[in-house]
Amino acid sequence: MSASNLHRHTLVKTANTQDPQATPPRISTHPPVPPEKYADHRLFYGFYCDEQWLVEYRRRNFTLDESKSTSMKTLASMRWFINHLRHKTGLHKLEYHGVVVDGDTPPNAVILESERPRGLKYHMIISICEWDKRSWRKRPTLEQVEAISKIVGSQPRWWIDIESPTFYQ
């Protein structure tokens, strides 16, 4: 049996056991209590990625038609980057979300203005999980978080969803 087949066999065998010691450690950081006005909003655990950094990273790692407009290059870079992270980490629950601007928002963040609720300032992040029962069970392993941190060059943190709970009903 080749080394890669042996490794794959070991992973499958380990995944099928009930031994909690055999499962890889997952993130265990809990979110802080959000400000009262956002108490019922969803919370995302994820990374801020500067749009210009995304475009440059994509440019170094993937060829794209450079004749496209800047907004199209940014959108294509964002889509490519999510798929790139999924491929590199095996973590498929990666999404972009708009989050509330707070005191810890990076100074280089591209701040946008919401149409609903009108005028609410937000920026985009890449979320790796959210704070709810369903998502928490599927949270990433520490190894996956470290792989993304290495690529992005920062550590994840908790962010407050811009959307109110009624948006999802």
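None of the values given here were measured: they were computed from a predicted structure.
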Under the side-chain contact (heavy atoms from CB on, under 4.5 Å) rule, what do Met124 and Val110 come out as? Steps first, then yes or no, please. CA-CA 8 Å; Met124 301 300 290; Val110 175; over 6 Å; no

side-chain contact (heavy atoms from CB on, under 4.5 Å) between Lys121 and Glu113, worked out: CA-CA 5 Å; Lys121 305 282 189 223; Glu113 193 168 305; 2.7 Å; yes

With side-chain contact (heavy atoms from CB on, under 4.5 Å) as the test, would you mind laying out the steps for Arg26 and Leu142 before giving the verdict? CA-CA 5 Å; Arg26 298 193 178 273; Leu142 294 176; 6.0 Å; no

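By the 4.5 Å heavy-atom criterion applied to side chains, Asp50 and Pro106 are not counted as neighbours. Residues Tyr48 and Asn108 meet the side-chain proximity criterion, which asks for heavy atoms closer than 4.5 Å.
In terms of heavy atoms, Val101 sits closest to His123 at CG2-CD2, 4.0 Å. In terms of heavy-atom proximity, Val100 sits nearest to Ile162 at CG2-CA, 4.0 Å. Considering every non-hydrogen atom in both Leu54 and Met78, the closest pair reads CD1-CG, 3.8 Å. The minimum heavy-atom distance linking Ser127 with His97 is given by the pair OG-CD2, 3.0 Å. Annotation for Pro156 and Ser149: closest pair CD-OG, 3.7 Å, computed over non-hydrogen atoms.
Both Leu43 and Tyr38 are members of a single hydrophobic cluster when ILVMFWY side chains are connected at heavy-atom separations under 4.5 Å. Cluster annotation: Ile82 and Trp80 are assigned to the same hydrophobic cluster (Ile/Leu/Val/Met/Phe/Trp/Tyr, side-chain heavy-atom contacts under 4.5 Å, transitive).
Within 6.0 Å of CD on Glu56 lie more than 12 heavy atoms contributed by other residues, nucleotides or ligands.
The distance from the CD1 atom of Ile160 to the CH2 atom of Trp131 is 14.5 Å, given to the nearest 0.5 Å. The OG atom of Ser77 sits 9.5 Å away from the CD atom of Glu51 when rounded to the nearest 0.5 Å. From Trp159, atom CH2 reaches atom CG of Asp104 across 7.5 Å, with rounding to the nearest 0.5 Å. Interatomic distance, CD1 of Ile151 versus CD1 of Ile126, reported as 10.0 Å (0.5 Å rounding). Here the straight-line distance linking atom CZ of Arg139 with atom NZ of Lys93 works out to 14.5 Å at 0.5 Å rounding. Rounded to the nearest 0.5 Å, atoms NZ (Lys150) and OG1 (Thr89) are 13.5 Å apart.
Residues passing the side chain to side chain donor-acceptor pair (under 3.5 Å) test with Arg42, sequence neighbours excluded: Glu130, Asp161, Tyr168.
Judged by distance alone, the side chain of Ser114 and the main-chain N or O of Gly119 form no donor-acceptor pair under 3.5 Å. Looking only at distances, no side-chain donor or acceptor of His92 sits under 3.5 Å from a matching main-chain atom of Arg86.
Residue Phe81 forms a ring pair (Phe, Tyr, Trp, His ring centres under 6.0 Å) with just one option from Tyr96, Tyr57, Phe62, and that option is Tyr57. Checked options Tyr45, Phe44, Phe47; the residue passing with Ile125 is Phe44 (criterion: side-chain contact (heavy atoms from CB on, under 4.5 Å)).
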